[in-house]
There are 4 protein chains.
Amino acid sequence: MPRVTEEHRERRRRQILDAARSCFARKGFHETSLQDIFKESGLSAGAVYRYFRSKDELIGAIAARSQPLVAALLEEILGEEELPPLDEIVARFAHGVIERMGPSGVVRIAPQAWALAMYNPTIHVAIGGLLGDVRLWWTRVAERLRDEGRLPPDCDPKAVAIVLTSIIPGLILQRLLLGEDADVETTRAGLHALLAVDQRPVEGSAL
Amino acid sequence: MPRVTEEHRERRRRQILDAARSCFARKGFHETSLQDIFKESGLSAGAVYRYFRSKDELIGAIAARSQPLVAALLEEILGEEELPPLDEIVARFAHGVIERMGPSGVVRIAPQAWALAMYNPTIHVAIGGLLGDVRLWWTRVAERLRDEGRLPPDCDPKAVAIVLTSIIPGLILQRLLLGEDADVETTRAGLHALLAVDQRPVEGSAL
Amino acid sequence: MPRVTEEHRERRRRQILDAARSCFARKGFHETSLQDIFKESGLSAGAVYRYFRSKDELIGAIAARSQPLVAALLEEILGEEELPPLDEIVARFAHGVIERMGPSGVVRIAPQAWALAMYNPTIHVAIGGLLGDVRLWWTRVAERLRDEGRLPPDCDPKAVAIVLTSIIPGLILQRLLLGEDADVETTRAGLHALLAVDQRPVEGSAL
Amino acid sequence: MPRVTEEHRERRRRQILDAARSCFARKGFHETSLQDIFKESGLSAGAVYRYFRSKDELIGAIAARSQPLVAALLEEILGEEELPPLDEIVARFAHGVIERMGPSGVVRIAPQAWALAMYNPTIHVAIGGLLGDVRLWWTRVAERLRDEGRLPPDCDPKAVAIVLTSIIPGLILQRLLLGEDADVETTRAGLHALLAVDQRPVEGSAL
DNA sequence: CATGAATGAGGCTTCATTCAT
DNA sequence: GATGAATGAAGCCTCATTCAT
C-alpha cells in the first residue's frame, strides 16, 4: 500500500505540474488562475491543494523541475574526453534547451520566472540556483579551455563564464520576442565568426 | 495659458511615470497596485486616470520610454570615426544601460517587461521594437566589422548580431539574480578573452 | 446689462438641457455621465455646474420641461366647442406626444423618468405631477362625455380616466420595445373597434 | 449526490434571485449595489458570482423569470370555453399581475426593466419578448371576439391588441406614481363604461 | 483522498463634484 | 463667468484559499 500510494501521489503531482506548466506557457503566471489549472488538470481545488500549498509553491515546483534537466544536459554536453570547440558547446547547450526543453513550454515560462524571481524568494532561490549552476559550469569550461591553451593563460574564467552564460537567456528572449530567426545554427555561426575576430590593439578605453 | 497648460500636463505625466517606474522597480508590475502608484505620485486615482487610461497603458508608456534612451545610447557609442574594438563597444553599451539607465530602475523593470511582452500586445510591440532595434544596430556594426576585415568576409552579420544582442539581456539577468559580480569591466574582460580564443578545427559537429 | 445677462443665462440653460436630453435619449440616464454632457454641450464642468447644482437637478429640469408641453397639448386638443369622438381625442394626444415631442427624444426618455420617479423624490414630483395632470384632464373629459350622454350617467369619470390615461404610456412602451407598428392611426383604429364592442351581460365575475 | 447538488444549486439560485428582486424593488436597479444583494442574500460575493456572472445577468434572470408567470396567467384566464366580457378579461389580467405578482415586488421592478430594456440587449429581449407575447395573446383574443361578432367584422385584431396591451403597463405606472386608486375594480368599471360609449359619427379627423 | 461550494480581501476603474486660476 | 484638472468614494468583479461533506 505505501508503494502504491507513493506512486499515486507522484502521478498526481506530475499531472498537476504538467497542467500548470501548460497553462503558464500559454498565458503566463499571472494571467493563469488556479481555476484554469483545476480545469486543465481535471482535478478539483481540494485535490491540487493537497499536493501544493499555494500557487507560489506550484510555480516554485515547476521552476525547480528544470534544474535537474539542465544539469543533465550540461553533464551530457561535456561527457566526452576532449572539449569541443566553443561554438559547438554553446550550440549543444542551446539545442538542448530549445529543442528538448522547449516543446514542453519551459522556454516560454523562463522569462516569467526571471521576472518573478526578483520579488519572490522561493523562485529567486530556484532560478538563481539554476543560473548560478550554469555559470559555474561555464567557469569550469573556461578553466579547461584556459588550461588547454585555448584561452589566454591570464584570463579570468569567471569573466568568460559571465559572457557565455548570457548567450542562452539572450537567445531565448530573441526567439520569443523577435521570432525563430534566432535559432541554434545561426547562433553557432555568429559565435564562430566572433571567435575569429581580429582583436586590434587599442591604446585606451573610453570608459 | 496653452503653453503653461501643456507644460503642466507634461510635468504631470512625468510625475506619474516616475512614480510608477519607481514602484515597478521596487515591487514588480503585478505586485504594484494602482493604489501604490497613487500614493507614490501623491496624486489621486482620478488624476492618474486623466493621463493614462489603464494600468496597461501606464506600463506601456514606461516601456516605450526606454526606446529613445537606448537609441540615443547606441548612436552615441558609434559617434566616432573608427569603430572601437568589439569588447569596447559592448562595454560601452553595458555601461550605458547599467550605469546610466540603471539608477532610475529601468534595468530592474526589464525582466518584468520581457515577461509581460509575451502576452500583452502593446508591450510586445514596445519591447520587441526595442530589442529589434538593438539587433539591427548590431547587424550594422557587424557589417562594418566585416567590411573592415575584422570579421570573416563570409560571415553572416545577422548571426553575429544575434549573439551580440544576447549579451546585454543576459548580463542584466545575471546582475539581478546573481549579484553585481557581473559588471561592465568583467564583461569586457571576459569578452576580450573570448575573442582571442583559439578556434581549433573540428571535423564534425555532434549536432 | 441685466437683460443681456438674463438672456445669456437662459440660452446657456437651454444649451445644457438640449445636450443633456440628447445624451439621455441616446444612452439613458445612468449610462450618461456628466462628462458626456460636457462634451455634447461644448461647455466645461464648471459652466454646467453654474446652472445646475447636480445631475439630479439636471434630470429634474428635463422632466419638468415636458409638463408645460403636455399642458399646452391638452389644452389645444380640447380647444374646440364640441368634444370630438373619443378615439379622435386619444389619437390627437398620441399624435402630439409622438410626432411633436418625440423627435426631441422626450419619448425615449419617458421610461427612464418613470423608473427614476419611483426612487427619486424630485423626479417623482415632476413625473407624478405630469401623469396626475393628464389623468385629471381625462377626468374632465369623461365628465363632459357623461354629461353629454356619451358615457353612462352613472359611470365614474375617474375610473374612465384611469383607463384612458393608461393608453399613451402603454403605447410609448410598445413603440420603444416592439417597434413602430404601434402608431397613432393603428391606436385610433383599435380604440374605435373597441368602443363599438358588444358588451354582453355576464351574470357573475370570476373575481 | 448529483440530485442533492442540483437541488442545492437551484435553491441557491432562488435565494439569490429573491434577494436581488427584493433589493431591486426597494431601491431600483441602479441604486442597488451588489454589496446590497450580498448582504440581503446572506452570501458572499464569490458565491453570488458562481451563479450569475454579472449584475446584468442577475437583472436579466429576474426579468426572464416573469415570462412564465405571465404566460401561465394568460393561459389561465382563457381557460374557459366561452370568452368572458372584455372588461372581465382585463380585470383578471390586472388582478393576476397586481395581486399575485405584485407582492413579490415584480410590479415595482417593471418600470426599471422597461427603462433598462432600451439600452441593454439582454433585457430588451426579455422584456420585449414578454410584451410581445402579451400583445400576441391579445391579438388572439381580439380575433375570437371578432369571430364571435363582439367586435366589428372588419376590425384589425392587432390594432385592438395594441390598445389592450397598453392598459396593464399604464395601470402599473399609475399605481406606482399616483397611488392605489388605480386598482383592478376601478379599471374594470372604467373600461366597462368606455365599452358602452356612444361613438358618434364624425365627418373628418383633425389629424 | 477528493470534491467544489463558499469566502472575502483587494484590484481596477468610473464619475459626480469641487475649486484654484 | 468659465475652465478643466483634481478629488476620492464607491462600484463591479476576480481569485487564492478553505472546509464541510
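The figures that follow rest on heavy atoms only: side chains count, while hydrogens, waters and symmetry mates do not.
A 4.5 Å side-chain heavy-atom check between B:Phe29 and B:Ile109 finds at least one atom pair inside the cut-off. By the 4.5 Å heavy-atom criterion applied to side chains, A:Arg65 and A:Arg14 are counted as neighbours. Counting only heavy atoms from C-beta outward, the side chains of D:Ile59 and D:Phe24 approach each other to under 4.5 Å.
Classification of D:Asp18 and D:Arg11 as a salt-bridged pair fails, no side-chain N sitting under 4.0 Å from a carboxylate O.
Atom pair A:Phe29:CZ and F:dA16:P shows a separation of 13 Å (rounding to whole Å applied). Atoms CG (A:Asp56) and P (F:dT17) sit 7 Å apart, rounded to a whole Å. Nucleotide F:dT3 holds its C1' atom 14 Å from the CD1 atom of C:Ile16, rounded to whole Å. Following rounding to the nearest Å, A:Lys55 (NZ) and F:dC15 (P) show an atom-to-atom distance of 8 Å. Rounded to whole Å, atom C1' of E:dC12 lies 12 Å from atom CD1 of B:Ile59. The interatomic distance linking A:Ile37 (CD1) with F:dT17 (P) rounds to 11 Å, in whole Å. A straight line from CZ of D:Phe38 to C1' of F:dG11 spans 10 Å, rounded to a whole angstrom. With rounding to whole Å, D:Glu57 atom CD is found 11 Å from F:dT14 atom P.
A:Arg12 comes within 4.0 angstrom of the backbone, heavy atoms only, and of no base. Across all strands, C:Tyr49 comes closer than 4.0 Å to base atoms (heavy-atom distances). No engagement by A:Phe52 is indicated, since no non-hydrogen atom pair under 4.0 Å with the nucleic acid exists.
With a 3.5 Å ceiling on both atom-pair distances, the Watson-Crick or G-U wobble partner of F:dA20 is E:dT3. Remark: F:dC12 base-pairs with E:dG11. Criterion, Watson-Crick or G-U wobble with two distances under 3.5 Å.
Here C:Arg9 reaches the OP1 or OP2 of F:dG1: one of its side-chain N or O atoms lies under 4.0 Å away.
Ranking F:dA6, E:dC1, E:dA5 by closeness to the D:His8 side chain, first place goes to E:dA5. Here E:dG4 is the nucleotide among F:dG1, E:dG4, E:dC12 with the atom lying nearest to any side-chain atom of A:Ser44. Of the candidates F:dA2, E:dT7, E:dA5, E:dT7 carries the atom nearest the D:Leu43 side chain, counting heavy atoms from C-beta on. Nearest to the side chain of D:Ala45, among E:dC15, F:dA6, E:dG8, sits E:dG8.
Summarising the local packing, CZ of A:Arg26 is surrounded by more than 12 heavy atoms from other residues, nucleotides or ligands at distances under 6.0 Å.
Comparing D:Glu31 and A:Ser33, the nucleotide of DNA chain F nearest to each residue sits closer to the 5' end for D:Glu31. Two residues, D:Gly46 and D:Arg50, neighbour DNA chain E, and the one matched to the more 5' nucleotide by heavy-atom proximity is D:Arg50. Along DNA chain F, the nucleotide nearest C:Tyr51 and the nucleotide nearest B:Tyr51 are compared for position; the residue whose nucleotide lies closer to the 5' end is C:Tyr51.
Between the base of E:dA16 and the side chain of C:Gln35 there is a donor-acceptor pair shorter than 3.5 Å.
Note: A:His30 and B:His30 have parallel aromatic rings, judged against thresholds of 30 and 60 degrees for the angle between ring planes.
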